[in-house]
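Down below is the structure, laid out as structure tokens.
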Number of protein chains: 2
Amino acid sequence: MTADETTKKPSRIQQRNRSRILDAALDVFSAQGYRGATLDQIAEAAGLSKPNILYYFAGKEEIHVTLLSQTMETWLDPLIEMNADGEALDEILAYVMRKLEMARDFPRESRLFANEILQGAPRMLPHLQGDLKPLFDEKCAVIQGWMDAGKLAPVDPAHLVFSIWATTQHYADFAVQISVLLDSDAPAPGADSFLTDLFTKLLRSA
Amino acid sequence: MTADETTKKPSRIQQRNRSRILDAALDVFSAQGYRGATLDQIAEAAGLSKPNILYYFAGKEEIHVTLLSQTMETWLDPLIEMNADGEALDEILAYVMRKLEMARDFPRESRLFANEILQGAPRMLPHLQGDLKPLFDEKCAVIQGWMDAGKLAPVDPAHLVFSIWATTQHYADFAVQISVLLDSDAPAPGADSFLTDLFTKLLRSA
DNA sequence: TCGTGTATTGACCAAATGGTCAAAAGTTTT
DNA sequence: AAAACTTTTGACCATTTGGTCAATACACGA
């Protein structure tokens, strides 16, 4: 059996190797994209032989899909945490900071998604439609509610969310460009205050 | 000879085929990334045989590099046009709109670059350092000048530029996601006014 | 219309790549 | 320690893919 087809307890060694593989695969897929990645690269990065990797996963695609859906949760978290009962502007700014932290702490995951979406989301469309879309609609409604209540300046909630995603993920996805232009390898100092300023000025209802 | 090694006039048919190939390659590279693209795909999209393509270009890499540097000009244009003698806020907003138009009119080019940068810019680093960096520094200085003169609210010019790139290119690079979330294939209606609003509020010195 | 240079292609190649498999090496259980 | 199971791997394999090349088809000026 490949893994735990029929409620088999995954052995210690199995867990260890699966997560090694996934970690190595995240490195490789995020840096090379799906087609650019090879099983040999993943195998080497994981410190395992290629056939051994195929012992834990049915194939390249399964590794990729596992990685994608596994990361999806982490990715949606910050948005889920945005609380309709909180103070409007604070909630939005907290969301921005959470996203920015993720770009800093999980750049590989960010690039993994960016690659996938760029290529037309061949393996993620279902997830986007099934998981992200409802959440997105719900949170847009929340934001719209805040605006209707006069707690935020009125702007299109959808584009607001897009701009948050774009500005924060940019620091992970375009890191190479940024480090060239800033001639600093430090992960974008000043982004925090800039983005806080940007979205505060946009949204405060004064 | 591959092309015009020694000041040979490129024949009519040569020009036609070279541009066909580049157009087809732009389709394929922007949709699949460098490694994801195959010469066969490009050949088919161009309506030529694979060996015929290799008759016009030395190899896959040369096609890619040609495309990249050829597009680079178009890409820098909007930034170059930003005029230090113009009205500060107008210049910035005009730049934003130009970039947004480019995301709409040349999404393939945008994705081509996004792919390249995402993978660490293996074939573009020189261009980034040699062409983009000086221009970037120059324009940051211009913006800083405007701020020092009290014509714009003071924010970090570099992050300002990053945020302009991020928000505008997002509409091209993440088009699939956006069209899922907006359930509309129209290229992001409302982006214009949202971004104008965003950057106006950020920068007006009132 | 013929000759010369240009364009095009079918047939190949070598390397890379995803994947298989049977056998060997380890573990664990009894 | 033997049986029974899990893990690991060397040797292969079929396909894909970037690229070559000699031969053929084509364009066009003399």
Side-chain angles (χ1 to χ4, degrees), chain A residues 1-22 24-29 31-68 119 122-123, chain B residues 1-29 31-68 115 119 122-123:
Chain A
M1 282 122 244
T2 312
D4 67 313
E5 272 191 333
T6 51
T7 330
K8 294 270 179 67
K9 61 268 166 105
S11 79
R12 205 59 41 76
I13 197 167
Q14 241 176 50
Q15 258 183 292
R16 179 176 56 87
N17 280 352
R18 274 185 69 99
S19 72
R20 268 195 198 178
I21 293 170
L22 287 175
L26 180 54
D27 266 0
V28 179
F29 280 130
Q32 321 265 59
Y34 180 75
R35 294 220 38 196
T38 72
L39 285 182
D40 292 289
Q41 285 176 303
I42 296 173
E44 174 166 4
L48 298 172
S49 69
K50 182 166 65 172
N52 202 9
I53 281 190
L54 274 318
Y55 171 73
Y56 290 102
F57 290 89
K60 186 183 178 182
E61 175 129 18
E62 192 184 281
I63 301 179
H64 194 236
V65 169
T66 301
L67 223 39
L68 240 26
Q119 329 266 299
R123 300 160 236 279
Chain B
M1 288 117 243
T2 313
D4 68 314
E5 270 192 332
T6 52
T7 332
K8 293 273 179 63
K9 62 268 165 111
S11 78
R12 204 60 41 76
I13 197 168
Q14 239 175 49
Q15 259 183 292
R16 179 176 55 87
N17 280 353
R18 274 184 70 97
S19 72
R20 267 194 198 180
I21 292 170
L22 287 175
D23 189 69
L26 180 54
D27 266 2
V28 179
F29 281 130
Q32 321 264 79
Y34 180 74
R35 295 220 38 195
T38 73
L39 285 180
D40 293 290
Q41 285 176 303
I42 296 174
E44 173 165 5
L48 298 173
S49 68
K50 181 166 65 171
N52 202 9
I53 282 189
L54 275 316
Y55 172 74
Y56 289 102
F57 290 89
K60 185 183 178 182
E61 175 127 18
E62 193 183 284
I63 301 179
H64 194 235
V65 168
T66 301
L67 221 39
L68 239 28
N115 265 301
Q119 329 266 297
R123 301 158 236 280

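Computed from a predicted structure; not experimentally measured. Excluded from the calculations below are hydrogen atoms, water molecules and symmetry mates; all remaining heavy atoms, backbone and side chain alike, are included. Letters A, B, ... are given to chains in the order of the sequence lines, protein chains preceding strands, and every chain is numbered from 1.
By the salt bridge (charged side-chain N to carboxylate O under 4.0 Å, His left out) test, B:E61 pairs with B:R123, sequence neighbours left out. Partners of B:K60 by salt bridge (charged side-chain N to carboxylate O under 4.0 Å, His left out), not counting sequence neighbours: none found. Checked against side chain to side chain contact (heavy atoms under 4.5 Å, CB included), A:N52 has the following partners two or more places apart in sequence or in another chain: A:L48, A:S49, A:Y55, A:Y56. Applying the side chain to side chain contact (heavy atoms under 4.5 Å, CB included) test to A:A24 and every residue at least two apart in sequence or in another chain returns A:I42, A:A45, A:A46. Residues that satisfy the side chain to side chain donor-acceptor pair (under 3.5 Å) test with B:Q119, not counting sequence neighbours, are A:N115.
Across the protein-nucleic acid pair, A:Y55 atom OH and D:dG10 atom P stand 17 Å apart, rounded to whole Å. What separates CD1 of A:I53 from C1' of C:dT17 is a distance of 14 Å, to the nearest Å. Counting to the nearest Å, the P atom of C:dT17 and the CD1 atom of A:I63 are 15 Å from each other. Here D:dG18 presents its P atom at 7 Å from CG of B:D40, a figure rounded to the nearest Å. Rounded to a whole Å, the CZ atom of A:F57 is 15 Å from the P atom of C:dT20. Rounded to an integer number of Å, the gap from CD of B:Q15 to P of C:dA7 is 12 Å. Atom-to-atom, OH of A:Y34 to P of D:dT16 comes out at 14 Å; the value is rounded to the nearest Å. Atom CD of B:E62 and atom C1' of D:dG18 are 14 Å apart (whole Å).
Ring geometry, B:H64 versus B:Y34: the interplanar angle falls from 30° to 60°, so the pair is classed tilted.
Within the model, atoms CD1 of A:I21 and CG of A:L54 stand 9.0 Å from one another, a figure rounded to the nearest 0.5 Å. Here the CG atom belonging to B:N17 is positioned 11.0 Å from the CG atom belonging to B:L22, to the nearest 0.5 angstrom. Here A:I63 contributes atom CD1 and A:L68 contributes atom CG; the two are 12.5 Å apart, rounded to the nearest 0.5 Å.
The side chain of B:L54 lies closest to D:dT20, out of D:dT17, C:dG18, D:dT20. Taking the side chain of A:T38 as heavy atoms from C-beta on, and the options D:dG18, C:dT8, C:dT17, the nearest nucleotide is C:dT17. In this structure, the nucleotide among C:dA7, D:dT8, D:dT17 sitting nearest to the side chain of A:R35 is D:dT17. Closest to the side chain of A:L39, from the set D:dT8, C:dG19, D:dG18, is C:dG19.
Sorted by first and then second residue, the salt bridge (charged side-chain N to carboxylate O under 4.0 Å, His left out) pairs involving residues 31-46 of chain A (not counting sequence neighbours) are A:D40-A:K50.
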Worksheet item: How does protein reach along nucleotides 25-30 of chain D, written 5' to 3' as B (base within reach of a heavy atom under 4.0 Å), S (only sugar-phosphate), or - (no contact)?
Response: ------
Response to the item:
With B for base contact, S for sugar-phosphate-only contact and - for none (protein heavy atoms under 4.0 Å), nucleotides 25-30 of chain C reads ------
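Listed pair A:N17 / D:dT8 meets the phosphate criterion, a side-chain N or O lying under 4.0 Å from OP1 or OP2. Contact annotation: B:Q14 does not reach the phosphate of C:dT6 (side-chain N/O to OP1 or OP2, under 4.0 Å).
Sorted by residue number, the members of residues 43-52 of chain B with any non-hydrogen atom under 4.0 Å from DNA chain D read B:K50, B:P51.
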